[in-house]
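These notes are about the structure you will find just below.
Because the structure is predicted, anything quoted here is derived from the model rather than measured. Within every chain, numbering begins at 1; the chains are lettered A, B, ... in the order of the sequence lines, protein sequences first and strands thereafter. Because only heavy atoms are used, hydrogens play no part in the values below, and waters and symmetry mates are left out as well, while side chains stay in.
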There are 2 protein chains.
Amino acid sequence: MATDFDRFKKENQLLVETVCRDFFNNSQGSLKIKKEAVVMKNLENILNTTLVLSSKIGFQTMSLRDLSRESGLSMGALYTYFSSKDDLLRIIHRYGVQTVTAILAKAVEGESDTHEKLRKIVRAHLYLSEMMQLWFNFFFMETKNLKHEERKIPTESELFTEQVIVDILEEGRQAGLYTVKDTMLAASLIKALLQDWYLKRWKYSKRKITIEQYLSFVLESIEAIILSKRGTGA
Amino acid sequence: MATDFDRFKKENQLLVETVCRDFFNNSQGSLKIKKEAVVMKNLENILNTTLVLSSKIGFQTMSLRDLSRESGLSMGALYTYFSSKDDLLRIIHRYGVQTVTAILAKAVEGESDTHEKLRKIVRAHLYLSEMMQLWFNFFFMETKNLKHEERKIPTESELFTEQVIVDILEEGRQAGLYTVKDTMLAASLIKALLQDWYLKRWKYSKRKITIEQYLSFVLESIEAIILSKRGTGA
DNA sequence: GTCTATAGTGCGATAGAC
DNA sequence: GTCTATCGCACTATAGAC
């Protein structure tokens with residue numbers, strides 16, 4: 001049986017391709033290589049290999065020689081796609097966060113029912129973090145290696161998503177649907193629960209908790225915290 | 001006015017000293033330096049400086065030259081307290097986790113009221129993570145740099161604390177006090193909320209959320225999730 | 001018990017062949 | 001476009017003076 005998550009996966013198959021294409025379109029001026037197909041293939045390889053190695057030993061510990069060996073590309077080839085190790089870090093953050101933010105923003109688009117909107121953003125966030133588990137972990141763990149000016153990228157993304165949730169909660173509170181008093185703290189709490197899924201993946205895997213089970217539990221918990229009585233429509 | 005947290009701080013002033021003394025007692029055979037006072041002073045300096053630098057740039061990025069400069073100790077002096085950079089990492093994890101676990105275990109000792117026990121462990125965890133913020137962050141961020149055999153130290157500590165919470169929830173459920181069905185997921189949720197306080201310290205600081213406010217919100221939220229009706233005693 | 005000086009290693013980055 | 005060879009540097013770790 002196809003689960004809800006399977007459907008989401010099918011609708012969003014080309015995530016890494018999106019990241020790579022964004023990069024290619026933005027860098028065409030400065031990039032030495034002009035063939036899109038070549039850039040796409042190698043860049044996807046580089047990014048995926050970097051994410052895998054970083055999840056095991058961390059970005060700083062990973063040497064470019066490790067990356068060269070694991071990706072099958074020579075040191076020279078690597079340097080045609082980024083200008084320094086720091087640049088590679090920046091690329092992953094910038095274009096990764098951009099893609100994630102765009103998908104999450106789209107997830108609630110056109111939904112008018114407040115509570116349904118809340119459920120949609122929670123589900124989209126959880127599913128996306130599952131599909132892009134290595135990316136989400138990377139954003140969280142490697143931010144401190146960015147130069148100061150670049151650190152605001154993941155920070156602002158965190159605040160943006162949280163603000164989307166705050167807005168929904170505020171809307172529900174003013175409509176008398178939610179009784180929660182502090183919508184900002186409630187939104188932080190929701191973010192913390194969503195984040196726990198990918199930060200503690202080892203724990204949930206070991207216990208064989210499926211993503212659907214986790215989603216149900218999170219939604220129930222959120223409702224317990226923010227809902228007094230549900231409207232007749234739900 | 002002295003807050004609840006101020007009282008907790010006074011009762012647990014000597015945390016880093018405890019870690020250092022544990023280390024000294026356990027290493028006296030292998031340690032070159034024999035004077036306890038000297039070891040305590042320098043080790044505390046080394047550990048604190050390491051935690052500060054790691055919180056800014058990460059343990060791997062921090063060079064021992066950085067540590068030497070910031071602590072005021074020479075490279076040679078550093079190497080009389082640990083045998084390699086990896087050893088330093090291990091020391092912080094091992095003795096730090098040991099101290100934290102002992103304090104948390106003591107926090108619920110002798111409390112017979114189930115719900116009060118839950119509130120005590122939540123409060124102790126939150127307050128302790130505030131006092132040892134750099135330590136808790138270090139445990140979380142630097143675990144992957146440990147050699148495989150040593151990684152179970154922080155992992156088991158996470159599971160231990162969670163099990164304490166599971167036991168309390170299970171006790172309450174069987175007594176008819178709590179209606180929560182999945183006590184394990186509920187305990188994970190509580191841990192996630194506690195962890196968010198120190199992982200996202202920048203966010204809560206910026207918003208001027210005090211630790212007392214956060215504690216109240218977390219306790220209320222937990223109660224909303226697990227409680228049906230409170231007993232007459234509470 | 002702490003220092004300075006240095007040995008030895010592996011890194012990021014690049015130049016030039018193909 | 002991709003490769004190999006190599007430069008210069010910063011690192012961990014240690015040896016020997018004080």
Side-chain angles (χ1 to χ4, degrees), chain A residues 20 23-24 27-47 49-50 53-54 56-92 142 145-147 150, chain B residues 20 23-24 27-47 49-50 53-54 56-92 142 145-147 150:
Chain A
C20 295
F23 171 77
F24 180 75
S27 318
Q28 238 167 330
S30 53
L31 215 56
K32 267 188 276 186
I33 308 159
K34 299 299 174 193
K35 285 186 198 159
E36 178 164 358
V38 176
V39 173
M40 291 292 282
K41 192 191 69 164
N42 285 335
L43 194 65
E44 206 177 315
N45 181 2
I46 292 172
L47 296 189
T49 309
T50 303
L53 286 173
S54 296
K56 288 182 188 157
I57 59 174
F59 182 79
Q60 292 281 355
T61 310
M62 174 196 81
S63 70
L64 292 183
R65 285 179 166 84
D66 293 335
L67 181 57
S68 167
R69 186 177 6 89
E70 295 295 316
S71 68
L73 290 159
S74 68
M75 290 288 286
L78 292 178
Y79 271 89
T80 56
Y81 294 92
F82 50 80
S83 63
S84 70
K85 198 182 172 189
D86 268 11
D87 190 39
L88 172 59
L89 182 69
R90 213 164 29 237
I91 289 169
I92 298 182
E142 311 297 351
N145 296 319
L146 287 168
K147 301 254 171 279
E150 309 277 346
Chain B
C20 296
F23 170 77
F24 181 74
S27 318
Q28 237 165 332
S30 53
L31 214 58
K32 266 188 278 186
I33 306 159
K34 299 300 174 192
K35 283 186 200 159
E36 180 165 357
V38 176
V39 174
M40 292 291 284
K41 192 191 70 167
N42 286 335
L43 194 65
E44 206 178 314
N45 181 1
I46 292 171
L47 297 189
T49 309
T50 303
L53 285 173
S54 297
K56 287 181 187 158
I57 59 176
F59 182 79
Q60 292 281 356
T61 310
M62 173 196 80
S63 71
L64 292 184
R65 282 183 166 92
D66 293 336
L67 181 56
S68 166
R69 187 176 8 87
E70 293 296 316
S71 68
L73 289 160
S74 69
M75 290 290 285
L78 292 178
Y79 271 89
T80 55
Y81 294 92
F82 51 79
S83 62
S84 71
K85 198 183 172 188
D86 270 9
D87 190 40
L88 173 60
L89 183 68
R90 214 163 31 236
I91 288 168
I92 297 182
E142 310 298 349
N145 295 319
L146 286 170
K147 302 253 170 281
E150 309 278 346

Whole angstrom value for the distance that separates [atom2] of [N] from [atom1] of [X]:
X: Leu89(A); N: dG12(C); atom1: CG; atom2: P; value: 13 Å
X: Leu73(A); N: dG12(C); atom1: CG; atom2: P; value: 16 Å
X: Tyr79(B); N: dA15(D); atom1: OH; atom2: P; value: 12 Å
X: Arg69(B); N: dC3(C); atom1: CZ; atom2: P; value: 15 Å
X: Glu36(B); N: dG1(C); atom1: CD; atom2: C1'; value: 17 Å
X: Leu31(B); N: dG1(C); atom1: CG; atom2: C1'; value: 11 Å
X: Ile33(B); N: dC3(C); atom1: CD1; atom2: P; value: 11 Å
X: Asp87(A); N: dA13(C); atom1: CG; atom2: P; value: 9 Å

Sugar-phosphate, base or nothing in reach of Lys32(A), heavy atoms under 4.0 Å: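 Nothing, no heavy atom under 4.0 Å.
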Touch class at under 4.0 angstrom, heavy-atom based, for Lys41(A) against every strand present: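 No contact.
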Any Ser63(A) side-chain nitrogen or oxygen under 4.0 Å from OP1 or OP2 of dC11(C):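 Yes, Ser63(A) has a side-chain N/O under 4.0 Å of OP1/OP2 on dC11(C).
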By side chain to side chain contact (heavy atoms under 4.5 Å, CB included) - contacts of Ser74(B) (at least two apart):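 Side chain to side chain contact (heavy atoms under 4.5 Å, CB included) check on Ser74(B) returns Ala77(B).
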Heavy-atom neighbours of Lys32(A) NZ exceed 12 at 6.0 Å: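 Count not over threshold, so no.
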Arg65(A) (side chain) and dG10(C) (base): donor-acceptor pair under 3.5 Å: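 Flag unset: no donor-acceptor pair detected.
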Of Thr61(A) and Leu78(B), the one whose closest DNA chain C nucleotide lies more 5':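 Its nearest nucleotide being more 5', the pick is Leu78(B).
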Pairwise 5' ranking along DNA chain C for Lys85(A) and Met75(B), keeping only the more 5' one: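 The residue whose closest nucleotide sits nearer the 5' end is Met75(B).
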Inter-residue atom distance Glu36(B).CD - Gln28(B).CD, 0.5 Å rounding: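 Here the rounded value is 7.0 Å.
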Nearest-0.5 Å distance, CG of residue Leu67(B) to OG1 of residue Thr49(B):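 That separation rounds to 6.0 Å.
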Six-ring centre of Phe59(B), Lys85(B) cation under 6.0 angstrom, axis tolerance 45°: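 That pair qualifies as a cation-pi contact.
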Side chain of Tyr81(A) - closest among dG1(C), dT6(C), dT2(D):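 Taking heavy atoms from C-beta onward, the closest nucleotide is dT2(D).
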